[in-house]
Amino acid sequence: MYIPTYHDIKKAHKRIQNHIVTTPLLRQTQLDEELHSRIFLKLESVQKTGSFKLRGAMNKLLCIKEQLDKRHVTPSSVSIVACSSGNHAQAIAYASTVLGFSATIVMPHDAPTIKIEKTRAYGAEIVLYDRLTEIREDIAKEICQKKQGIFVHPFDDPDVIAGQGTAGLEIVADIKTMHATIDCVIVPASGGGLASGISIAIKSCYPQADIYVVEPEGYDSMAISIEQQAITSLAPSHMSICDALMAKTSGELPYTINRQYASKFATVDDEAIKNAVKKAFYDLKLVIEPGGGAALACLLSSSLKEKYTNIVILISGGNIDSRLLYEIVG
C-alpha cells in the first residue's frame, strides 16, 4: 500500500495543471462579520465538470497514459471503468474523452439527473444499478473482465489522492499571497480521498493547522473507523441529501492517512446541509450541491468559529439538479 507524499502531490499538480482550472480561494467578508473569523472558501464548484473530482481522475488517467506510452499502446484501445454517484463519473468521462480513452461508468439509477446527463454528454457509456439491492463494485469488476478494462477507484488510490491534494497546494499558494495563515481546514468526506490529499498538502506546510473531516449523518464511516481503529462498514437506515457523500465504508488509504492527519470529525444532517445551500445561494451568490456544502454546513452549525481565526472551507462541488435547488431555496 503506497501512501502518497507531498512530493507526489506537487508532481500531480505539474502533470494536470494544463487540464484543470486553478479554482479561486475567496475571502468572504460577509461570513467574517457574521462568524467573527477570517473565512476563506476554496471553490471547487467552479472546477471543470463541477467538482474537485477532475483533479484525481485526470492525474490517474495521465499516469495510466504514461505507462501505455512506454508500451506503445494507444489509449483508444483501453477502456476505463469506474463507479460513482456522479462527480467521479463526470470526471472520468471528461478525462477519458480528452485523453482518448473509452469509459464505462456504473451509476445508481437515483443519481441526480444532471450528473447522469453530463456523464453521458462527456462520452461515457453508463450502466445503471440499484444501490439498495446491487453492489456497484461487483458490476464494475464484471465489466472490467468483459472489456479487459482498467478500474479507477473514486478514492482508494494513491494517484487519485495525490490529484485531489493539488487543491491543497493551491490553497497554500493563495494563502501566502494574501499574507495570511491557516488555523483550520474543513473538508467534506465520503470515502475520504479529498480529505486525505488536502491533509497531506496542508499539514506539510502548516503542521499546526487542524483538519476537520465532515460526513453526512448516518454515513460517518471515516469517523467511526478512526474511533474503532479499524475500517468499519455501515448499513445506513436512510438516504442522505448528499448523494455525493454516501460511501458506506472508507478507503484503506484514506483511513490510514486521516488517522495520521485529521484532527476532528463532525457529522451534519440534511437540515444543516439545506441551510448551507440556501446560505450560499442567497448571501454568497454561489450555487453548490448538498455534498459540496457539507463543510460550510459544519461551520454554520458549530462553534468552530469561536476557536479559530483563519478558517478554510472546501466547497467541493456544484452539480445540483435545478429541481432540488428550487426545492431548497424556495
Side-chain angles (χ1 to χ4, degrees), residues 1-9 52 56 83-85 88 131 135-138 151 153-165 167-168 182-240 242 244-269 272-273 291 294-295 297-299 301-304 307-308 311-312 314 316:
M1 182 176 63
Y2 180 76
I3 297 177
T5 65
Y6 181 70
H7 182 63
D8 292 322
I9 295 174
F52 73 94
C83 46
S84 165
S85 65
H88 181 61
R131 70 167 98 215
I135 301 174
R136 66 182 189 176
E137 287 80 6
D138 290 346
F151 180 70
H153 200 282
F155 49 80
D156 206 5
D157 181 287
D159 296 325
V160 171
I161 291 173
Q164 318 302 29
I182 300 174
D183 302 320
C184 172
V185 180
I186 310 178
V187 192
S190 180
L194 175 64
S196 301
I198 292 292
S199 295
I200 294 169
I202 297 297
K203 296 291 277 189
S204 295
C205 300
Y206 295 93
Q208 83 289 348
D210 283 341
I211 307 295
Y212 271 73
V213 177
V214 184
E215 299 170 289
E217 187 177 61
Y219 291 85
D220 50 343
S221 58
M222 182 63 72
I224 292 175
S225 295
I226 298 296
E227 182 181 352
Q228 299 292 331
Q229 299 185 19
I231 295 176
T232 304
S233 296
L234 304 179
S237 59
H238 67 282
M239 300 286 283
S240 169
C242 301
L245 304 181
M246 290 172 60
K248 298 176 183 178
T249 183
S250 61
E252 184 177 359
L253 270 173
Y255 164 75
T256 302
I257 294 167
N258 285 315
R259 186 173 58 177
Q260 177 180 354
Y261 290 116
S263 309
K264 303 287 184 180
F265 295 86
T267 59
V268 286
D269 60 24
I273 291 290
C298 176
L299 177 70
S301 61
S302 73
S303 59
L304 289 180
K307 300 178 181 178
Y308 302 103
I311 303 174
V312 178
L314 262 292
S316 59

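Across all their heavy atoms, V214 and A295 have their closest contact at CG2-CA, 4.3 Å. Closest heavy-atom contact between C205 and Y6: SG-OH, 3.5 Å. Minimum interatomic distance between M222 and F265 (heavy atoms only, all atoms of both residues): CG-CE2, 3.6 Å. Between I198 and G168, the shortest heavy-atom contact is CD1-N, 3.3 Å. Between V268 and S301, the shortest heavy-atom distance links the atoms CG1-OG, 4.4 Å. Between S263 and A209 the shortest heavy-atom distance is OG-O, 4.3 Å.
Two residues are said to be in side-chain contact when any heavy atoms from C-beta on lie closer than 4.5 Å; S196 and F155 fail this criterion. You'll find the side chain of L245 stays beyond 4.5 Å of the side chain of S240, heavy atoms only. For the pair V187 and V213, the minimum side-chain heavy-atom distance is 4.5 Å or more. Annotation: side chain of P188 is in contact with side chain of L314 (closest heavy-atom distance under 4.5 Å). Side-chain contact between D183 and I311 is absent, with no heavy atoms from C-beta onward closer than 4.5 Å.
The OG1 atom of T256 lies 5.5 Å from the CD1 atom of I3; values are rounded to the nearest 0.5 Å. Rounded to the nearest 0.5 angstrom, I202 CD1 and D210 CG are separated by 12.0 Å. The line from SG of C83 to NE2 of H153 is 6.5 Å long, rounded to the nearest 0.5 Å. To the nearest 0.5 angstrom, I257 atom CD1 is 11.0 Å from S250 atom OG.
Applying the side chain to side chain contact (heavy atoms under 4.5 Å, CB included) rule to S199 yields the partners I211, N258, Y261; only residues at least two apart in sequence or on another chain are considered. For E227, there are no side chain to side chain contact (heavy atoms under 4.5 Å, CB included) partners two or more places apart in sequence or in a different chain. In this structure, the side chain to side chain contact (heavy atoms under 4.5 Å, CB included) partners of L234, at least two apart in sequence or on a different chain, are D220, S221, I224, P236. Among residues two or more places apart in sequence or in another chain, the ring pair (Phe, Tyr, Trp, His ring centres under 6.0 Å) test is passed with Y212 by none. Scanning for side chain to side chain contact (heavy atoms under 4.5 Å, CB included) contacts around T5 gives Y2, H7, D8, with sequence neighbours left out. For Y255, the side chain to side chain donor-acceptor pair (under 3.5 Å) partners two or more places apart in sequence, or in a different chain, are R259.
Side chain of H88 to main chain of G56: no donor-acceptor pair is present (N/O by atom type, distance under 3.5 Å, no hydrogens or angles). In this structure a side-chain-to-backbone donor-acceptor pair under 3.5 Å is missing from S233 to K248. Of the possible donor and acceptor atoms, one in the side chain of Q208 sits under 3.5 Å from a partner among the backbone N and O of I182. When atom types are taken as modelled, the side chain of S225 and the backbone of T232 share a donor-acceptor pair closer than 3.5 angstrom.
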Checklist entry - Given the rule in the side chain to side chain contact (heavy atoms under 4.5 Å, CB included) test, do R131 and S85 qualify, once you have shown the distances and angles that lead to the verdict? => result CA-CA 10 Å; R131 70 167 98 215; S85 65; 4.3 Å; yes
Checklist entry - Where do L253 and D157 land on the side chain to side chain contact (heavy atoms under 4.5 Å, CB included) test, with the steps shown first? => result CA-CA 7 Å; L253 270 173; D157 181 287; 5.6 Å; no
Checklist entry - How far apart are the C-alpha atoms of E252 and I231, what are their side-chain angles, what is the distance that settles it, and do they pass the side chain to side chain contact (heavy atoms under 4.5 Å, CB included) test? => result CA-CA 7 Å; E252 184 177 359; I231 295 176; 3.9 Å; yes
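For I135, the CD1 atom counts as loosely surrounded, since its 6.0 Å shell holds 12 or fewer non-hydrogen atoms of other residues, nucleotides or ligands.
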